Amino acid sequence: MKAVLRASAPVLLIALAACGSDPAPEPTEQIIVREPGSDASDAAALQAADDTAASLVAAGKAAFNTCVACHVVEKGGANRIGPNLYGVIGRAAGSVDGFKYSDAMASSGITWTKEELDSYLANPAAKVPGTTMMAGAITDAGRRQAIIAYIEDASAN
Ligand code: HEC
C-alpha cells in the first residue's frame, strides 16, 4: 500500500478506479486534490462534492418514478401497494405498521442497509424469494445508487 500512496496522483486514481467494485463511487469517496494552504481550493472542492451529491439525489428522484405507483417516501405518508419507504435505511424489513407484508418479507431477517437495498432492488425475488413486490427491479447499478441516495435524502426531512 505504501508504494501506491507514493505513486503520482494519476496512477493513484487509476489504481482506485480499477479496484473499486462499485462503478459509481459515492461522493464522499471522491479524491479531492488539495493545494497546500489554499482555503479557496478547499472550499471549491467541497462545493463540487456537494454539487455531485445533489445531482445524485436529483437523478434518484427522477428514477424513483418507477416506484411511485406503489411507494411514497414521506414522514407519516400512506402505504400504497407497497409500504411507505420513509426512513427505510436502518429499519428492519417488513416492519411498517399497518402494511400487510408477505411472509417471506416479514420473516426475512433483513435490516435495510444501503447494501441490502441495493441487492434487493437488483433482483427482489432473488433476494427475498416469495416477495410480493412484483416490479421495481433495477438492473443499472448507478440507478440503484441514485435511488438509494434519494430515499436517504428524502428520509432526512
Ligand atoms: C408494483 C408495485 C411496486 C413497485 C413498482 C415497487 N414496489 Fe417496492 N414493494 C412493493 C410491495 C408489495 C412490497 C412488499 C413486499 C413484500 O411484503 O414481500 C414492497 C417492498 C419494498 C421494500 C421493503 C420495505 C420494507 O418495509 O421492508 C423496499 C425497500 C422497496 N419495496 C423499494 C422499492 C423501490 C425503491 C422501488 C422502485 C425502484 C419499488 N420498491 C417499486 C411494491 C412495489
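Ligands are counted one by one from 1 in listed order, and the atoms in each one are counted from 1 as well. None of these values were measured; they are calculated from a predicted model.
- The single protein non-hydrogen atom nearest to atom 3 (C) of ligand 1 is C70 SG, 2.7 Å, given as residue, atom name and distance.
- D118 contributes no side-chain N or O that, together with a main-chain N or O of A141, makes up a donor-acceptor pair within less than 3.5 Å.
- Side chain of R91 to backbone of W112: no donor-acceptor contact under 3.5 angstrom is found.
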Inset, instruction - Go through the steps to decide whether V96 and Y101 satisfy the test side-chain contact (heavy atoms from CB on, under 4.5 Å), and finish with yes or no. - result: CA-CA 9 Å; V96 169; Y101 289 94; 3.3 Å; yes

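- Which parts of ligand 1 touch L117 is read off a 4.0 Å heavy-atom cut-off, strictly below it: atoms 29 (C).
- Taking the salt bridge (charged side-chain N to carboxylate O under 4.0 Å, His left out) definition, one finds that K127 meets it with E116, sequence neighbours left out.
- Nearest to atom 11 (C) of ligand 1 by heavy atom, out of G82, G87, A69, is G82.
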Legend entry - side-chain contact (heavy atoms from CB on, under 4.5 Å) between S155 and V73, worked out: CA-CA 7 Å; S155 297; V73 193; 3.9 Å; yes

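- The closest protein non-hydrogen atom to atom 7 (N) of ligand 1 is H71 NE2, 2.8 Å.
- A donor-acceptor contact shorter than 3.5 Å links the side chain of S95 to the backbone of A92.
- In the vicinity of G136, heavy-atom distances shorter than 4.0 Å reach the ligand 1 atoms 38 (C), 41 (C).
- For S95, no nitrogen or oxygen atom sits less than 3.5 Å from a nitrogen or oxygen atom of ligand 1, counting backbone and side chain alike.
- To the nearest 0.5 angstrom, L117 atom CG is 12.0 Å from I138 atom CD1.
- Under a 4.0 Å criterion applied to the non-hydrogen atoms of W112, ligand 1 contributes the atoms 23 (C), 24 (C), 25 (C), 27 (O).
- Closest protein heavy atom to atom 22 (C) of ligand 1: Y120 CE2, 3.7 Å.
- Atom numbering of ligand 1 starts at 1 in the shown order; those under 4.0 Å from a heavy atom of L85 are 24 (C), 28 (C), 29 (C), 30 (C), 32 (C), 33 (C).
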Inset, instruction - Show the numbers, then the answer: is there a side-chain contact (heavy atoms from CB on, under 4.5 Å) between M133 and L121? - result: CA-CA 10 Å; M133 177 161 139; L121 295 179; 4.1 Å; yes

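- Remark: minimum distance from atom 37 (C) of ligand 1 to any protein heavy atom is reached at C67 SG, 1.8 Å.
- Between L85 atom CG and I147 atom CD1 the span is 10.5 Å, to the nearest 0.5 Å.
- The protein atom (non-hydrogen) at minimum distance from atom 14 (C) of ligand 1 is F99 CE2, 3.7 Å.
- If you number the atoms of ligand 1 from 1 as listed, the ones under 4.0 Å from a heavy atom of A93 come out as 27 (O).
- The contact set between ligand 1 and S102, taken as ligand atoms under 4.0 Å from a residue heavy atom, comprises 16 (C), 17 (O), 18 (O).
- Between T52 atom OG1 and L56 atom CG the span is 9.0 Å, to the nearest 0.5 Å.
- Closest of all the heavy-atom pairs between A137 and P124 is CB-CD, 3.7 Å.
- Summary of contacts: the protein heavy atom closest to atom 12 (C) of ligand 1 is I81 O, 3.2 Å.
- Residue contacts with ligand 1 for R91 involve side-chain atoms from C-beta outward but no N, CA, C or O (heavy atoms, distance under 4.0 Å).
- Note on ligand 1: A104 sits outside its first shell, no heavy atom being nearer than 4.0 Å.
- In terms of protein heavy-atom proximity, atom 5 (C) of ligand 1 is closest to T66 O, 3.4 Å.
- By the 3.5 Å distance cut-off applied to N or O atoms, Y101 is counted among the residues near ligand 1.
- The single protein non-hydrogen atom nearest to atom 13 (C) of ligand 1 is P83 CD, 3.7 Å, given as residue, atom name and distance.
- Each of the following atoms of ligand 1 lies closer than 4.0 Å to a heavy atom of T131: 15 (C), 16 (C), 18 (O).
- For ligand 1, the polar-atom distance check against M105 finds no nitrogen or oxygen pair separated by under 3.5 Å.
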Inset, instruction - Would you check, one step at a time, whether the test side-chain contact (heavy atoms from CB on, under 4.5 Å) holds for R80 with V72? - result: CA-CA 8 Å; R80 292 186 178 169; V72 300; 3.3 Å; yes

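- Applying the 6.0 Å contact sphere to CG of N65 captures more than 12 heavy atoms from other residues, nucleotides or ligands.
- Counting heavy atoms under 4.0 Å from ligand 1, residue V128 does not touch it at all.
- Under the 4.5 Å side-chain criterion, counting only non-hydrogen atoms from C-beta, I89 is in contact with I148.
- In the vicinity of G94, heavy-atom distances shorter than 4.0 Å reach the ligand 1 atoms 25 (C), 26 (O), 27 (O).
- With a 4.0 Å cut-off on non-hydrogen atoms, L121 touches ligand 1 through its side chain and not its backbone.
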